[in-house]
Amino acid sequence: MQVQRVVLNSRPGKNGAPVPENFRLEETTLVPDLKDGEVLVRTLCLSVDPYMRCRMNEDPGVDYVAPWQLSESVDGGGVGVVESSRCSTCSEGGVVTSFNWPWQTYAVMKGSVLQKVDPQLVDGHLSYLLGAVGMTGLTALLGVREKGNVIQGANQTMVVSGAAGACGSIAGQFGRLDGCVRVVGICGSDEKCRALVDDLGFSAAINYRQEDVPTRLKEHCPDGIDVYFDNVGGAISDTVIAQMNRDSHVILCGQISQYNKDVPYPPPLSEEIHETLRRKNITRERFMVLNYMHKAEAALCELSQRVKSGQINVLETVVNGIENMGDAFCSMMKGGNIGKQIIKISE
């Protein structure tokens with residue numbers, strides 16, 4: 001069986017932005033001689049996500065993901081269909097997903113690393129299993145619930161950075177559903193601003209590339225900021241924290257503005273921001289969804305119901321073809337996507 005796969009061709013360097021040439025498309029032959037417990041899967045769609053930038057380094061800087069190895073198949077979130085099986089829990093024709101799916105058109109995988117999924121969970125939109133009704137949605141929902149301290153009727157204001165990305169776009173909607181009276185998104189284009197307000201129900205959106213962020217925050221958050229869902233870190237986050245209220249909460253989800261730099265995770269803060277956090281008693285604890293997987297089943301059910309009922313709207317940027325994985329990844333790292341970046345591999 002002829003298979004296309006994407007391998008890591010080179011590392012970008014600790015302080016370098018990734019480029020498509022860091023990835024290489026290869027043709028290889030797969031012999032689907034299944035052992036007990038194995039299945040042959042056909043890949044339907046794959047995901048690219050900001051955390052993957054850390055996996056491009058020899059040392060990812062965190063202990064919960066492994067670095068990608070040079071000249072070996074890259075992996076990440078994927079969904080596909082079982083073509084043949086020698087695993088009792090995976091039947092032919094079944095839809096399966098995994099957090100460690102190889103970037104290949106077909107693959108032999110252990111059934112034990114695959115999760116069976118019911119397509120009705122997402123009304124047949126299987127790519128949603130990699131986003132709004134998958135790990136991304138879990139991160140948004142559980143981040144807001146576990147670290148945001150959102151209270152119905154408390155007149156709270158939430159700000160979301162990276163708001164038009166896969167996670168931020170869901171997190172802001174849950175902030176609104178859970179009771180925030182204002183949800184303000186920060187993103188990088190007028191098109192994204194329009195999508196946040198018109199499609200997702202954000203109260204307002206700020207284009208950080210074109211607008212004065214401190215001034216616009218004051219306008220849109222007249223009572224200060226109570227909850228900050230932080231996906232980007234850096235100067236934007238410093239600006240938001242400076243306008244946060246006493247006893248408010250930072251949900252430290254991601255720091256994409258820092259991922260191309262040789263800094264530890266989470267990146268260090270300035271003395272001024274440390275002092276602001278201390279003086280105003282602002283909580284800023286790192287959020288890792290993997291620590292809350294005991295709540296995943298119930299949360300996925302809620303995500304499914306909210307999406308199917310239209311309470312949560314899903315935005316996606318879809319690229320076709322495994323040959324475009326590198327381009328799609330680099331575009332996502334520069335903010336080229338609106339919502340979840342998906343690569344469609346087969347029908």
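Just so you know, these numbers come straight off a predicted model, no measurement behind them.
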- From CA spacing to verdict: side chain to side chain donor-acceptor pair (under 3.5 Å), Tyr228, Ser237: CA-CA 9 Å; Tyr228 173 40; Ser237 290; 2.6 Å; yes

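- A salt bridge links Glu146 to Lys295: one of the charged nitrogens lies within less than 4.0 Å of a carboxylate oxygen.
- Counting heavy atoms from C-beta on, the side chains of Val108 and Leu30 come closer than 4.5 Å.
- Side-chain contact between Asn207 and Lys192 is absent, with no heavy atoms from C-beta onward closer than 4.5 Å.
- The main-chain N or O of Leu200 is found under 3.5 Å from a side-chain atom of Arg176 such that the two form a donor-acceptor pair.
- For the residue pair Gln255 and Asp230, a side-chain donor N or O sits within less than 3.5 Å of a side-chain acceptor on the partner.
- Asn324 is listed as a side-chain neighbour of Asp327, based on a closest heavy-atom distance under 4.5 Å.
- Taking every heavy atom of both residues into account, Ala171 and Ala140 meet most closely at N-CB, 3.5 Å.
- Asn245 places a side-chain N or O within 3.5 Å of a backbone atom of Asp223 that can act as its donor or acceptor partner.
- Atom CG of Leu217 and atom CE of Met244 lie 11.0 Å apart (nearest 0.5 Å).
- Between Ser331 and Asn337, the closest side-chain pair of non-hydrogen atoms is not below 4.5 Å.
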- Task: Show your working on side-chain contact (heavy atoms from CB on, under 4.5 Å) between Val96 and Val79 and close with a plain yes or no.
- Result: CA-CA 6 Å; Val96 289; Val79 63; over 6 Å; no

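- With 3.5 Å as the limit, one finds no donor-acceptor pair spanning the side chains of Ser161 and Tyr208.
- Residue Gln115 places its CD atom among 12 or fewer non-hydrogen atoms of other residues, nucleotides or ligands, all under 6.0 Å distant.
- Salt-bridge formation is detected for the pair Glu347/Lys344: a Lys NZ or Arg NE/NH1/NH2 atom is positioned less than 4.0 Å from an Asp or Glu carboxylate oxygen.
- A salt bridge does not link Asp199 with Arg194: none of the charged nitrogens is closer than 4.0 Å to a carboxylate oxygen.
- A salt bridge between Lys280 and Glu275 is absent, with no side-chain N of the basic residue lying under 4.0 Å from a carboxylate O of the acidic one.
- When every heavy atom of Asp226 is checked against every heavy atom of Gln156, the shortest pair comes out as OD2-CA, 3.2 Å.
- In this structure, Val227 and Thr157 have side chains that are not in contact, with every pair of non-hydrogen atoms separated by 4.5 Å or more.
- With a 6.0 Å radius and a threshold of 12 heavy atoms from other residues, nucleotides or ligands, Asp118 has its CG atom above the threshold.
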- Tell me, with the steps shown, if Asp75 and Trp68 meet side chain to side chain donor-acceptor pair (under 3.5 Å). CA-CA 8 Å; Asp75 70 306; Trp68 288 331; 3.2 Å; yes

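- Hydrophobic clustering, with ILVMFWY side chains joined whenever heavy atoms are under 4.5 angstrom apart, groups Val289 together with Leu300.
- The existence of a salt bridge linking Glu38 and Arg86 is excluded, since no basic side-chain nitrogen approaches an acidic carboxylate oxygen closer than 4.0 Å.
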- Task: Let me see the working for Met333 and Ile256 under side-chain contact (heavy atoms from CB on, under 4.5 Å), right down to the final yes or no.
- Result: CA-CA 8 Å; Met333 286 297 296; Ile256 193 171; 4.1 Å; yes

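- Looking at Ser304, its side chain does come within 3.5 Å of a backbone N or O of Leu121 through a donor-acceptor pair.
- Hydrophobic cluster membership differs between Leu114 and Leu34, with clusters built from Ile, Leu, Val, Met, Phe, Trp and Tyr side chains linked at under 4.5 angstrom.
- The CZ atom of Arg286 lies 11.0 Å from the SG atom of Cys253; values are rounded to the nearest 0.5 Å.
- The side-chain heavy atoms of Leu126 and Pro119, taken from C-beta on, include a pair separated by under 4.5 Å.
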- Could you walk me through whether Glu272 and Ser270 pass the side chain to side chain donor-acceptor pair (under 3.5 Å) test, one step at a time? CA-CA 5 Å; Glu272 182 182 0; Ser270 68; 5.0 Å; no

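- Looking at Glu316, its side chain never comes within 3.5 Å of a backbone N or O of Gly339 through a donor-acceptor pair.
- The ring of Phe229 has its center no closer than 6.0 angstrom to the ring center of Phe202.
- Here the straight-line distance linking atom CG of Asp49 with atom CE of Met332 works out to 6.0 Å at 0.5 Å rounding.
- Among all heavy-atom pairs drawn from Asn22 and Pro12, the shortest one is OD1-CB, 3.7 Å.
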- Task: Please lay out, stage by stage, how Leu277 and Ile241 fare under the test side-chain contact (heavy atoms from CB on, under 4.5 Å).
- Result: CA-CA 8 Å; Leu277 294 171; Ile241 289 169; 3.9 Å; yes

- Message: One pair to check against salt bridge (charged side-chain N to carboxylate O under 4.0 Å, His left out): Glu211 and Arg216. What are the steps and the verdict?
- Response: CA-CA 7 Å; Glu211 300 180 84; Arg216 299 293 280 162; 2.6 Å; yes

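- A distance of 6.5 Å separates CZ of Phe23 from CG of Leu8, quoted to the nearest 0.5 Å.
- Within 6.0 Å of CD in Glu271 there are 12 or fewer heavy atoms belonging to other residues, nucleotides or ligands.
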- Message: For a side-chain contact (heavy atoms from CB on, under 4.5 Å) check, start with the C-alpha distance between Leu40 and Val82, then their side-chain angles and the critical distance, and finish with the verdict.
- Response: CA-CA 6 Å; Leu40 172 68; Val82 177; over 6 Å; no

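- Gln341 and Thr317 share no donor-acceptor pair across their side chains, judged by distance under 3.5 Å alone.
- For the pair Pro102 and Ser73, the tightest heavy-atom approach, listed with the atom from each and the gap, is CB-OG, 4.1 Å.
- For Gln104 and Thr43, the side-chain atoms include no donor-acceptor pair closer than 3.5 Å.
- Under a cut-off of 6.0 angstrom, the local environment of CD in Glu191 is sparse, with at most 12 non-hydrogen atoms contributed by other residues, nucleotides or ligands.
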- Does the pair Phe99 and Tyr64 meet the rule for a ring pair (Phe, Tyr, Trp, His ring centres under 6.0 Å), with working shown? CA-CA 12 Å; Phe99 197 51; Tyr64 50 89; 9.4 Å; no

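- Within the model, atoms OG of Ser248 and CE of Met158 stand 12.0 Å from one another, a figure rounded to the nearest 0.5 Å.
- By the criterion of side-chain heavy atoms lying less than 4.5 angstrom apart, applied directly or through intervening Ile, Leu, Val, Met, Phe, Trp or Tyr residues, Ile170 is grouped together with Met288 in one hydrophobic cluster.
- Linking ILVMFWY side-chain heavy atoms closer than 4.5 Å, directly or via other members, places Val197 and Phe174 in two distinct hydrophobic clusters.
- Cluster annotation: Val31 is not connected to Met109 through the hydrophobic network of ILVMFWY side chains, with a link wherever side-chain heavy atoms come within less than 4.5 Å.
- In plain terms, the two heavy atoms of Ala132 and Val314 that are nearest each other are CB-CG2, 3.6 Å.
- The shortest non-hydrogen separation linking Ser10 to Glu21 is OG-O, 3.9 Å.
- Note that OG1 of Thr105 and CD of Gln4 are 5.5 Å apart. Values are rounded to the nearest 0.5 Å.
- Between the side chain of Ser203 and the backbone N or O of Val183 there is at least one donor-acceptor pair closer than 3.5 Å.
- Salt-bridge formation is detected for the pair Arg42/Glu83: a Lys NZ or Arg NE/NH1/NH2 atom is positioned less than 4.0 Å from an Asp or Glu carboxylate oxygen.
- You'll find the side chain of Val6 stays beyond 4.5 Å of the side chain of Arg24, heavy atoms only.
- A 4.5 Å side-chain heavy-atom check between Leu303 and Leu141 finds at least one atom pair inside the cut-off.
- When only modelled atom types and interatomic distance are considered, Ser309 and Gln311 share a side-chain donor-acceptor pair under 3.5 Å.
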